[in-house]
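Written below as structure tokens is the structure these notes are about.
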Amino acid sequence: MAFLSDALSRVKPSATMVVTQKARDLKATGRDVISLSVGEPDFDTPDNIKEAAIAAIKRGETKYPPVLGIPPLREAIAQKFKRENGLDYKASDVIVGTGGKQILYNAFLVTMNKGDEVVIPAPFWVSYPDMVLLNGGEPVIVPTRLEDGYKLKPEALEKAITPRTKWLILNSPSNPSGAAYPRDELKALTDVLVRHPHVWVLSDDMYEHLVYGDFVFTTPVQIEPSLQPRALTMNGVSKAYAMTGWRIGYAAGPAELIKAMDMVQGQQTSGACTIAQWASVEALTGPQDFIPVRRRAFEERRDLVVSMLNQAKYITCPKPEGAFYVYPSVAEAIGKTAPSGHVIGTDEDFVTELLEETGVAVVHGSAFGAGPNFRVSYATSLSQLENACKKIQKLTAELR
């Protein structure tokens, strides 16, 4: 009898982690590697947030926290939802987890029965389908098109819903495409959900503050308040506050769902790190003036990368509304031969060739459920991005 669970056969390693590790391994051999594979801001955590963590340590805030999260953080989160999103949640409607991943996983854990379906627009963040599969559900992948900005259309959502549909996952701005839904497009989707009262919506708003130009962020319950009793609105401090390693995610939702997530988290990890939670209180309630400064830096990087990739042969790169990713198509490169003699048969072949021949690490689009594409994270310096894009231009120019 096999020792390991059959559940492992339903999942695969995170493609972003695999590519990132491969880039690290190459770098360790002395290769010059530019990694554009990690979804992590290159900015440091602001000093006031670090100081709040140090102060918490000095006060002795180092004991077990409540499973749901420390009361000052849950109150700060409820106030954030009111102030920034116009959503009315009490602190008791809020749960804090060890990163957004735990929030998502536990939401599926407490709601999924075998065969329940979760509608996931593609391209999608790599972890969504695997989390659904691990919890006995069935991912229903709905393709989107480059021509539509990689955004789900209401008619496609309507077609995907069945009596077994339990959740729709909406991630705006999106990892991996950077696509974000303006108010009218989001309203068209929530109108579909209103017609299907058995379908819940999980809104992953992790990149909320990273939107560009005159784009205005909105979240589903903000658009359609009647969805609040069947919505989980998830966010965290990782991206906007450059706190990826602090591992704090949070969500607000109906009391019954939050209570169930509280119960399983109590048997799983208990509460998230107390020190990181006190730092997160400062993140949400302290000065926010650095956010627009960093947003402008990301926007400048986006514009550079989009411009340079669209000058590369065989590449089409739409300009996304948010996050810090672009998701160019390499459809025209498929079937071409690289100078090494390797034929580019898939987007994975393309990114492998790119890494091995030029030292530029990106993630193949098929890992996100939509290809032939690749994902570039532009959360690095302009000079690094310019250098990487020149290498991509050189490689594509040499394809025959």
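Sequential numbering from 1 along the given sequence is applied to the chain's residues. Scope of the values below: all heavy atoms of this structure, side chains included, with no hydrogens, waters or symmetry mates. These numbers come from a predicted model, not from an experiment.
Looking at Y250 and Q277, their side chains never bring a donor and an acceptor atom within 3.5 Å of each other. Side chains of H342 and E356: a donor-acceptor N/O pair is absent below 3.5 angstrom, by distance only. Between the side chains of T219 and N85, not a single donor N or O lies within less than 3.5 Å of an accepting N or O. Using modelled atom types, one finds no donor on one side chain facing an acceptor on the other under 3.5 Å when comparing W200 with T111. Between the side chains of T380 and D42, no donor-acceptor pair of N or O atoms lies under 3.5 Å. No side-chain N or O of Y128 forms a donor-acceptor pair with one of N175 less than 3.5 Å apart. Donor-acceptor pairing under 3.5 Å is recorded for the side chains of E117 and T162. Donor-acceptor pairing under 3.5 Å is lacking for the side chains of E348 and T352. A donor-acceptor pair shorter than 3.5 Å can be found between the side chains of S340 and E353.
Interatomic distance, Q311 CD to T396 OG1, rounded to the nearest 0.5 Å: 11.0 Å. To the nearest 0.5 Å, atom CD of residue E321 and atom NZ of residue K151 are 4.0 Å apart. To the nearest 0.5 Å, the span separating CG on L232 from CG on L227 amounts to 13.0 Å. With rounding to the nearest 0.5 angstrom, the CE atom of M112 is 7.0 Å from the NZ atom of K166.
A salt bridge links R59 to E61: one of the charged nitrogens lies within less than 4.0 Å of a carboxylate oxygen. Salt bridge present: K50 and D44 bring a charged side-chain N and a carboxylate O closer than 4.0 Å. Using a cutoff of 4.0 Å between basic side-chain nitrogens and carboxylate oxygens, D148 and R145 are scored as salt-bridged. By the 4.0 Å N-to-carboxylate-O rule, E300 lies too far from R296 to be salt-bridged with it. Under 4.0 Å is where a charged nitrogen must lie from a carboxylate oxygen, and between E299 and R295 no such pair does. In this structure, E158 pairs ionically with R195, as a charged nitrogen and a carboxylate oxygen lie closer than 4.0 Å.
Here the two rings, on F368 and F124, have centers that are 6.0 Å apart or farther. Note: F217 and Y207 fail the aromatic proximity criterion, with ring centroids not under 6.0 Å apart. For F298 and Y212, the ring centers sit 6.0 Å or farther from each other.
V67 and L109 sit in two unconnected hydrophobic clusters of ILVMFWY residues. Membership requires side-chain heavy atoms under 4.5 Å apart, directly or through other members. Under the 4.5 Å side-chain contact rule for hydrophobic residues, Y181 and L210 do not share a cluster.
Around atom CD of Q267, no more than 12 heavy atoms belonging to other residues, nucleotides or ligands sit under 6.0 Å away.
Under the side-chain hydrogen bond (donor to acceptor under 3.5 Å, both in side chains) test applied with Q79, the options R83, E75, K82 reduce to a single match, E75. Applying the side chain to side chain contact (heavy atoms under 4.5 Å, CB included) test between L152 and each of L189, I120, V192 identifies L189 as the sole match.
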